[in-house]
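Working notes for the structure below.
Throughout, numbering of the chain's residues begins at 1 and tracks the sequence. Whatever order the structure lists ligands and atoms in, that order sets their numbers, starting from 1. Owing to the predicted nature of the structure, the values given are computational and were not obtained by experimental measurement. Just the heavy atoms: all of them, side chains too, but no hydrogens, waters or symmetry mates, feed the values below.
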Amino acid sequence: MLRTFFIVLGLSLVLLVAVTGLRGQKGKKTPIEIFPDMDHQPKVKSQVPSGFFADFRGDRLPVSGTVPMGYAMPVSKEDPLPDDGKYATVQFSSGTSYEDTGRFGDHWGTGIPIPVTAELMQRGGERYMIFCAVCHGTSGAGNGVAGQYGMAAIASYHQDRLRTMSDGEIFNTITHGKNTMLGYGGKIPLNDRWAIVAYVRALQLSQNATMADVPPEKRAKLEAVKP
Ligand code: HEC
């Protein structure tokens with residue numbers, strides 16, 4: 001009897017608090033946040049001054065060379081190294097030619113379809129360091145830093161299968177990716193992809209060259225320093 005009384009009393013109190021109390025009043029205390037996630041972020045809102053900059057302007061002009069999202073530097077067939085501030089959408093695989101796909105019909109082709117100059121190699125090396133070295137390593141041995149953070153089974157270029165692979169297939173891997181490697185066709189313009197292929201070839205040669213690859217006039221010099 002007494003127990004029933006207390007149970008009923010307890011339930012009525014809960015009901016009373018639920019119905020009357022804690023309903024929509026504004027508390028002065030900060031609520032306890034168990035998962036604050038990214039609720040609070042220091043940021044500058046538009047049209048608002050900021051003491052961070054000497055001139056107190058919150059809105060800043062984009063840093064020079066900023067590329068709008070979805071765009072990349074134009075790379076035309078004539079001018080593989082533009083830095084003139086004009087933008088064009090990234091060229092994915094727009095055509096069906098060898099240059100666009102790395103294929104002749106249903107076969108991979110080989111050869112770099114743009115002139116391989118010292119500038120192109122330099123460009124390829126620069127782009128390689130930006131886009132590929134993080135996984136494949138600076139020498140292409142597949143030992144880039146991403147491996148230490150869980151990227152598994154990164155291919156080394158210094159295996160026979162990849163040494164003998166056609167340029168077109170490598171170009172296609174850059175464009176569309178392969179298994180766990182994502183494609184870079186949407187990020188790296190066409191000519192830069194070919195520049196990277198040329199650089200990958202140079203990396204392969206650098207780890208697998210013989211005296212026969214050295215120009216005759218330079219062989220004596222190399223022989224002299226041979227251990
Ligand atoms: C996020 C890491 C990552 C980046 C960045 C990356 N790769 Fe890869 N790449 C891989 C992995 C992993 C594989 C092995 C995929 C597989 O399982 O076949 C691979 C495989 C390859 C292969 C061999 C494909 C084959 O047919 O076996 C080539 C060639 C290659 N990558 C070139 C590149 C080039 C060039 C770049 C820069 C444009 C690049 N990769 C950027 C992770 C990466």
Side-chain angles (χ1 to χ4, degrees), residues 65 67 69-77 79-83 87-209 213:
V67 178
M69 274 173 78
Y71 288 75
M73 305 303 274
V75 177
S76 70
K77 284 171 189 169
D79 174 19
L81 312 166
D83 245 357
Y87 304 114
T89 44
V90 177
Q91 216 181 341
F92 193 63
S93 238
S94 55
T96 51
S97 68
Y98 173 62
E99 191 185 14
D100 292 306
T101 59
R103 290 171 201 269
F104 289 110
D106 36 352
H107 296 289
W108 298 119
T110 208
I112 310 288
I114 51 178
V116 181
T117 58
E119 287 79 37
L120 189 89
M121 292 302 289
Q122 220 160 35
R123 175 81 180 174
E126 184 203 38
R127 299 290 107 180
Y128 178 86
M129 292 304 169
I130 293 170
F131 288 104
C132 321
V134 62
C135 286
H136 288 279
T138 49
S139 72
N143 57 355
V145 70
Q148 293 167 26
Y149 293 89
M151 187 81 208
I154 304 167
S156 162
Y157 302 146
H158 311 303
Q159 45 177 306
D160 285 340
R161 189 176 62 82
L162 294 190
R163 280 197 193 110
T164 53
M165 186 174 273
S166 58
D167 298 331
E169 190 170 355
I170 294 180
F171 175 83
N172 182 71
T173 297
I174 301 176
T175 306
H176 297 289
K178 170 120 191 200
N179 299 329
T180 49
M181 175 182 152
L182 297 180
Y184 286 83
K187 298 189 179 68
I188 308 179
L190 196 103
N191 278 17
D192 279 352
R193 273 176 265 152
W194 283 113
I196 293 173
V197 174
Y199 189 76
V200 166
R201 287 311 190 197
L203 283 179
Q204 288 176 323
L205 201 58
S206 78
Q207 305 297 309
N208 192 39
D213 297 311

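Taken to the nearest 0.5 Å, the CD1 atom of Ile174 stands 13.5 Å off from the NZ atom of Lys187. The CD1 atom of Ile196 lies 11.5 Å from the CD1 atom of Ile170; values are rounded to the nearest 0.5 Å.
The residue from Gly142, Gly144, Gly183, Ala155 that puts a heavy atom closest to atom 20 (C) of ligand 1 is Ala155. Looking at Val197, Asn179, Ile130, Thr175, it is Asn179 that brings a heavy atom closest to atom 17 (O) of ligand 1.
Closest to atom 10 (C) of ligand 1 among all protein heavy atoms lies Met181 CB, 3.4 Å. Nearest protein neighbour of atom 14 (C) of ligand 1, counting heavy atoms only, is Ala153 O, 3.4 Å. Protein heavy atom at the shortest distance from atom 38 (C) of ligand 1 is Cys132 SG, 2.7 Å. Annotation: atom 1 (C) of ligand 1 to nearest protein heavy atom, Cys135 SG, 2.7 Å.
The side-chain heavy atoms of His158 and Asn208, taken from C-beta on, include no pair separated by under 4.5 Å. Within the 4.5 Å cutoff, side-chain heavy atoms of Tyr157 are placed close to those of His136. Looking at Thr110 and Met165, their side chains never come closer than 4.5 Å, going by heavy atoms from C-beta outward.
Atom numbering of ligand 1 starts at 1 in the shown order; those under 4.0 Å from a heavy atom of Tyr184 are 4 (C), 5 (C), 41 (C). Near Ala152, with a cut-off below 4.0 Å to any heavy atom, the atoms of ligand 1 are 12 (C). Within ligand 1, counting atoms from 1 as listed, the ones closer than 4.0 Å to a heavy atom of Ile174 are 35 (C), 38 (C). Near Thr180, meaning under 4.0 Å from any of its heavy atoms, are these atoms of ligand 1: 12 (C). Near Ile196, with a cut-off below 4.0 Å to any heavy atom, the atoms of ligand 1 are 35 (C). Counting atoms of ligand 1 from 1 in the listed order, those under 4.0 Å from a heavy atom of Lys178 are 15 (C), 18 (O), 24 (C), 25 (C), 26 (O), 27 (O). Those atoms of ligand 1 that come under 4.0 Å of a heavy atom in Arg161, given as number and element, are 25 (C), 26 (O), 27 (O). Residue Phe131 approaches ligand 1 through these ligand atoms, each under 4.0 Å from one of its heavy atoms: 5 (C), 37 (C), 41 (C).
Only the side chain of Met151 comes within 4.0 Å of ligand 1, counting heavy atoms alone; its backbone N, CA, C and O stay farther away. Of the heavy atoms in Tyr157, only side-chain atoms (C-beta onward) come closer than 4.0 Å to ligand 1.
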- Message: Would Ile114 and Glu99 count as a side-chain contact (heavy atoms from CB on, under 4.5 Å) here? Give the steps.
- Response: CA-CA 8 Å; Ile114 51 178; Glu99 191 185 14; 3.8 Å; yes

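Heavy-atom minimum distance, Phe131 versus Val134: O-CG1, 4.2 Å. When all heavy atoms of Tyr199 and Met121 are compared, the closest pair comes out as CD1-O, 3.8 Å. Nearest heavy atom pair, residue Trp194 against residue Gly168, reads CH2-CA, 4.3 Å. In terms of heavy-atom proximity, Leu162 sits nearest to Gln204 at O-NE2, 3.0 Å.
Under a 4.0 Å heavy-atom criterion, Ala146 is not in contact with ligand 1. Residue contact annotation: Arg193 has no non-hydrogen atom under 4.0 Å from ligand 1.
Residue contact annotation: Thr173 places no N/O/S atom under 2.8 Å from atom 8 (Fe) of ligand 1. At a threshold of 2.8 Å, atom 8 (Fe) of ligand 1 has a backbone or side-chain N, O or S atom of His136 nearer than that distance.
Asp100 and Ser97 form a side-chain donor-acceptor contact under 3.5 Å, judged by distance and modelled atom types alone.
Within a 6.0 Å sphere centred on CD of Gln159, other residues, nucleotides and ligands contribute more than 12 heavy atoms.
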